[in-house]
Amino acid sequence: MSEIRNLINITDFTVEEIDELIDVANDIVENHSEYEDICNHKKLGTLFFEPSTRTRLSFEAAMLELGGSVLGFSEAGSSSAAKGESVSDTIQTVGCYVDIIAMRHPKEGAPIVGAKRTTVPIINAGDGGHFHPTQTLTDLLTISRKKGRLNNMTIGLCGDLKFGRTVHSLIEAMLRYEGIKFVLISPEELQVPDYVKASMDKAGAEWVEVESLEDAMPELDILYMTRIQRERFFNEEDYVRLKDSYILDLDKLSNAKEDLTIMHPLPRVNEISTEVDDDPRACYFFQALCGKHIRMALILKLLGIKREA
Ligand code: CP
């Protein structure tokens, strides 16, 4: 029997495996009909203990487009977690019903606990302020499609870099590519955690912390905006003080590169003005579409299913 693979952190996959996932995602778009029944009789469990639009629905759309089916819950309150059931008991139970599980949980490390209690593959769909590896796969596919490469570029990450799990995972992933410079744009209180800085130093990456988005703009190839996340703050006063630290509008883009790629994992609140949506450099809804394609490729990989040649 082959070894069960999980995706808890983006570094669970090698760069070569990520390249393969990107190739499969592109093949899915080019040869969609070849994949329509490929997951016939397979079931995906979506266990979302935290709210989600894109991650949950793109996973569900991905499995349905592959010919499989989906069951699960979209809030802890509609599961037996509301009666005090532990995460590990929930996972062990759902593992009896499905072939693969995507789970989101507010507690960091919950998917690791879950993975120990089941023999079906577990996908971390976001654990607290920790990691969000399928968002990172989405981001890598988006960058690859927009830039035609994953190396040699300057990436600006802006907003809540402290609690932003998408930022932590993206940095981890991009550290493995040549010639990446990170420009970390945030208020002092929301700078990336020390363990992320240590990873960048260990990898010998070039990085700088700044507070001004306008000053950083001209050198950026990618601008990755993030939401200041109300749900991660311990007190409302701090949130209110910091929530509008960065609002990207057309005026701020006036000194940006013409081929800048503007990304955002979404949801957004105020941090990108809607007037930017029609700018050809705005890629965040394209990014949401990429999320479905890469999750289709991921489900196939973890189930060990390949398109017949
Ligand atoms: N990007 C992302 O994780 O969005 P959702 O919270 O809507 O899933």
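Values in this document were obtained by computation on a predicted structure and should not be read as measured data. In each ligand, atom 1 is the first atom listed, and ligand 1 is the first ligand listed.
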Under 4.0 Å from a heavy atom of [X]: which atoms of ligand 1 are those, numbered in the order shown and with their elements?
| X | result |
| --- | --- |
| Q135 | 1 (N), 2 (C) |
| H132 | 2 (C), 3 (O) |
| T55 | 2 (C), 3 (O), 4 (O), 5 (P), 8 (O) |

If you measure every N/O of [X] against every N/O of ligand 1, is any gap under 3.5 Å?
| X | result |
| --- | --- |
| L266 | yes |
| P265 | yes |
| S52 | yes |

Is it the case that the side chains of [Y] and [X] hold a donor-acceptor pair, with the cut-off being a distance below 3.5 Å and no angle test?
| X | Y | result |
| --- | --- | --- |
| D127 | N124 | yes |
| R295 | S58 | yes |
| D139 | Q287 | yes |
| Q135 | T55 | no |

Exercise. Return the residue, atom name and 0.1 Å-rounded distance of the protein heavy atom closest to atom 6 (O) of ligand 1.
Key: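 Atom 6 (O) of ligand 1 sits closest to the protein heavy atom R104 NH1, 3.0 Å.
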Practice problem: Among all protein heavy atoms, pick out the one at the shortest distance from atom 7 (O) of ligand 1; state its residue, atom name and that distance to 0.1 Å. | Solution: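 Going atom by atom, the protein heavy atom closest to atom 7 (O) of ligand 1 ends up being T53 N, 2.8 Å.
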Quiz prompt | Any E50 heavy atom less than 4.0 Å from ligand 1 | solution =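 Distance cut 4.0 Å: E50 fails for ligand 1.
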Quiz prompt | Over 12 foreign heavy atoms within 6.0 Å of CD, E211 | solution =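 Yes - once you tally the heavy atoms of other residues, nucleotides and ligands closer than 6.0 Å, there are more than 12.
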Quiz item: In this structure, are over 12 heavy atoms from other groups packed under 6.0 Å from F286 atom CZ?
Solution: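 Buried by this count: over 12 neighbours within 6.0 Å.
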Exercise. On the 0 to 90° scale, with breaks at 30° and 60°, tag the H105-F49 ring pair as parallel, tilted or perpendicular.
Key: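 The arrangement is tilted - the two ring planes meet at 30° to 60°.
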Quiz prompt | Location of contacts on T166 toward ligand 1, heavy atoms closer than 4.0 Å | solution =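 No part of T166 comes within reach of ligand 1.
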